[in-house]
Structures are given as structure tokens and as C-alpha cells.
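Naming: A, B, ... by sequence-line order, numbering from 1 per chain. Below, each value reflects all heavy atoms present in this structure, side chains not excepted, and no hydrogens, waters or symmetry copies.
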Protein chains: 2
Amino acid sequence: MAARSSDGDTRREWVPAVLAARDDTTCRVREVLDRVGEKWAVTVIAELGRKPRRYNELRRAIPGVSQRMLTATLRGLERDGLVRRTVHPVVPPRVDYELTPLGGTLLNTVSALLDWAVEHIDDVDGARAEYDGRQEVAAPG
Amino acid sequence: MAARSSDGDTRREWVPAVLAARDDTTCRVREVLDRVGEKWAVTVIAELGRKPRRYNELRRAIPGVSQRMLTATLRGLERDGLVRRTVHPVVPPRVDYELTPLGGTLLNTVSALLDWAVEHIDDVDGARAEYDGRQEVAAPG
DNA sequence: CCGTATCCGAGCAGATACTG
DNA sequence: CAGTATCTGCTCGGATACGG
């Protein structure tokens, strides 16, 4: 799904044909990017990747998430077929969440991005420090 | 950077240790996710991956982007060391943008995510249709 | 040509209170 | 336990106008 670069640029191997073509597919791809960019989506997927959880287990496992956002995130992921929600008709209520196979493949893919982040955090932080330093010199006081 | 799952879950192979540990690294990883989630960041990186561009070339290459957002996106990417900005002191002004090697590695990684999106768009759309169908049945008229 | 400054609306996201 | 409802601030992002 990616085309080989046809010009003389040798810094990279891949050009995502996806983003080069501005057809209907492009905007759908952006939806995936948007979801990955959502604040809690990847964290929830990662937690469910560790093991299936109940609602409040998940909540405790993810410090800082509000009830509202956890529910919204879960619903979105369920709608996209990434997470399965199972309600057990007992009292007190019990609802289990687990990754679907599709959700598992997404986690595998996102993990590569996470690994990139960990590997290059120092580079990024260094670049930021340098950039910010230049800005202060350019606009002092 | 990813640890093998230690429980009986066989649906997936990987658990990102990154998100399992809630240390300082975790929140920095989120910054990368946030950037990828930004509306124009990946598109800009992809365009610059095709070849270096001048500001207005880039603008024409990315329909729908406003001057404000293009500049903001470019500045953010430059600050993170993903894009290099070169000003040529001529009249009229000329400013070139290109991917740094670091930016190139990010594009390679993001491309995998894009490929996932293309490959599974039908699955996701199908899941959505089914989910929305169930909702309508549950809450008719 | 390459931006910056300002204004504004829409949607994301938190806190809180309430329900089956 | 597992949510829903409501209110509200905040940031993202578009349009427009102006500056170097």
C-alpha cells in the first residue's frame, strides 16, 4: 500500500501512497489517525491487551481518566469493532471488556509507534531544548 | 521495548511495556501520540517525505490546510527536530522545508499505521454499520 | 513570498450529581 | 457496579486582515 519513491530522495524508503492520493480513502485513514490521537484510546487498548477487564478495573488501571471519558472511549472502540463489550445480567452488574482480534492487530501496529517514541524521546527533547534556546536568544526579555 | 504477555491470553503477541508502566516516559510517549493525532502533522510529514518543498508549494500540495495551521504544524515539527526549515535571504523570500533523518524514521513508522488503516477500513466500517444498526433497533423512532 | 495577529465557533474533556 | 446527564472551561482549528 506504499509506493516506492521515484525521485532522487534517498533519506527514506517509503512514501505512503495513501496520503498522496486525496480520494475517499484518505479521509477515512485520517479517522484512524484521529482515533489514535484521542487522549485515552491507545491507553485503553493497551490495558485491554494486557488482559480483559471490568469497567472499574479499567478505571483503576488508568489513573486520571474520568468516568465520562472512559465510557466515551470504550463506546468508540466498541463501535469500531476494536473492543467487545459483554454484559452479564447479574446483580451487582458485571460488564467485561476485551480486545477483539481486530483490536489486537491495531495494538501490534501502534506498539511500533510507541517503540519509536521511546527510542527517540531523547532526540526530540534535545531538539526542543535547542529550538527553545534559539527562540530565547532571538526574543530576549 | 515490548514484553511478552505472561498470562493465558493468546489473542495477541505484544504488550507495550511503555504504557503498562506509568512513569515519566509514559507521558512523553503520549506527546508523540498527540502529535500524530494532530490534523495536519502526518500529512505534512508525508508530503515532505515525497520531496522537500517551499512553503507555498506545500500549501498547494495540501488542499484544505489554512495558512495558520500549516505554519503552526511546521513550527511544531521543526521544534521536535522532525523537519528542517531553511531560510534563503533573497527577495522575494524563499523558505525550504525538508524532513530530517529523524522525521524520516517517524514517517516509516507511521506508514505502518496508515497501511493498517487501509487494510482494515472495511472491517471498521462494517463494525460501525452493525453497531449503529443495533442502536436504532434499541432506540427506535 | 512568507508569514503573524486577531477573532470566533465547534468539539474535546473534566467535575459533579444522579440512576438502574 | 456501571453507567447517564448536565454544566463548563479550554484547546483546536478556520477565516480574515495585516506586516516584513
Contiguous Watson-Crick or G-U pair runs (3 or more, under 3.5 Å) in DNA chain C
C:1-20 with D:1-20
Just to verify, what does D123(B) make a side-chain hydrogen bond (donor to acceptor under 3.5 Å, both in side chains) with, not counting sequence neighbours?
H120(B)
Between P on dA10(C) and NZ on K39(B), what's the gap in Å once rounded to a whole number?
14 Å
Output all residues satisfying salt bridge (Lys or Arg N to Asp or Glu O under 4.0 Å) with D96(B), sequence neighbours left out; order by chain, then residue number.
R94(B)
With sequence neighbours excluded, residues passing side-chain hydrogen bond (donor to acceptor under 3.5 Å, both in side chains) with D125(B)
R28(A)
Spacing of I62(A) atom CD1 relative to dA13(C) atom P, expressed in whole Å:
14 Å
Rounded to the Å, how far apart are E38(A) CD and dC12(C) P?
8 Å
For E130(B), side-chain hydrogen bond (donor to acceptor under 3.5 Å, both in side chains) partners two or more places apart:
R134(B)
Is there a donor-acceptor contact under 3.5 Å from the side chain of Y55(B) to the main chain of L70(B)?
no
N56(B): side-chain contact (heavy atoms from CB on, under 4.5 Å) partners, not counting sequence neighbours:
R59(B), R60(B)
Those residues that, when tested against R75(B), pass side-chain contact (heavy atoms from CB on, under 4.5 Å) (two or more places apart):
Y131(A), T71(B), E78(B), R85(B), Y97(B)
Would you please name every residue forming a side-chain hydrogen bond (donor to acceptor under 3.5 Å, both in side chains) with R54(B), sequence neighbours left out?
none
Applying side-chain contact (heavy atoms from CB on, under 4.5 Å) to V124(A) and not counting sequence neighbours gives W116(A), R128(A), D80(B), L102(B)
How would you give the extent of chain B contacts on DNA chain D, as first and last nucleotide 5' to 3' within a 4.0 Å heavy-atom cut-off?
dG13(D) to dG20(D)
Please identify each residue that fulfils side-chain contact (heavy atoms from CB on, under 4.5 Å) with R53(B), with sequence neighbours left out.
E47(B), L48(B), R50(B), K51(B), E57(B), L58(B), A61(B)
Return a single string for nucleotides 2-8 of chain C, one symbol per nucleotide in 5' to 3' order, where B is base contact, S is sugar-phosphate-only contact and - is none, cutoff 4.0 angstrom on heavy atoms.
SBB-B--
